[in-house]
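Have a look at the structure below, then the notes.
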Amino acid sequence: SLSLAAGSFTRAAMDGGGNQEEQQRAMMVIQQIAQATQMQMKILGKCFDRCVDVPGSELSKSQQECIWHCTTRLFDTEQFLQQRLQERNKAAGGGM
């Protein structure tokens, strides 16, 4: 998992035992985790706003289902778009 990898990389980098390459990898992993978390919160916020008119002390079953379906669709769409972008970048880079 990304968090386990980040933990081992950052410990090595912080202890001074890691070389420059390990430190760079650790920073990339941490950045990926931060970006993924930010994306998750953005999607959840959008779905909450769509599905919950007035927040109460609890979510109704229909609100929970709406948030579940909304987040699932948006996560799937986000993954699809990221994959398409990566494939396009590979194709553009391979053609050089």
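From a predicted model like this one, the values you see are computed outputs, not experimental measurements.
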Hey, does [Y] have a side-chain heavy atom less than 4.5 Å from the side chain of [X]?
X     : Y     : answer
Leu74 : Leu44 : no
Gln63 : Cys66 : no
Met39 : Ile43 : yes
Lys42 : Gln38 : no
Pro55 : Phe48 : yes

Any donor-acceptor N/O pair, Gln64 side chain to Leu59 backbone, under 3.5 Å:
yes
Kindly say whether Gln79 contributes a backbone atom to a donor-acceptor pair with the side chain of Gln82 at under 3.5 angstrom?
no
Return yes when atom CD of Gln35 has more than 12 non-hydrogen atoms of other residues, nucleotides or ligands closer than 6.0 Å, and no otherwise.
yes
Does Glu87 CD have over 12 foreign heavy atoms under 6.0 Å away?
yes
Hey, could you give me the [atom1]/[atom2] distance between [X] and [Y], rounded to the nearest 0.5 Å?
X     : Y     : atom1 : atom2 : result
Phe75 : Cys47 : CZ    : SG    : 8.0 Å
Arg25 : Asn19 : CZ    : CG    : 7.0 Å
Ile67 : Arg50 : CD1   : CZ    : 11.5 Å

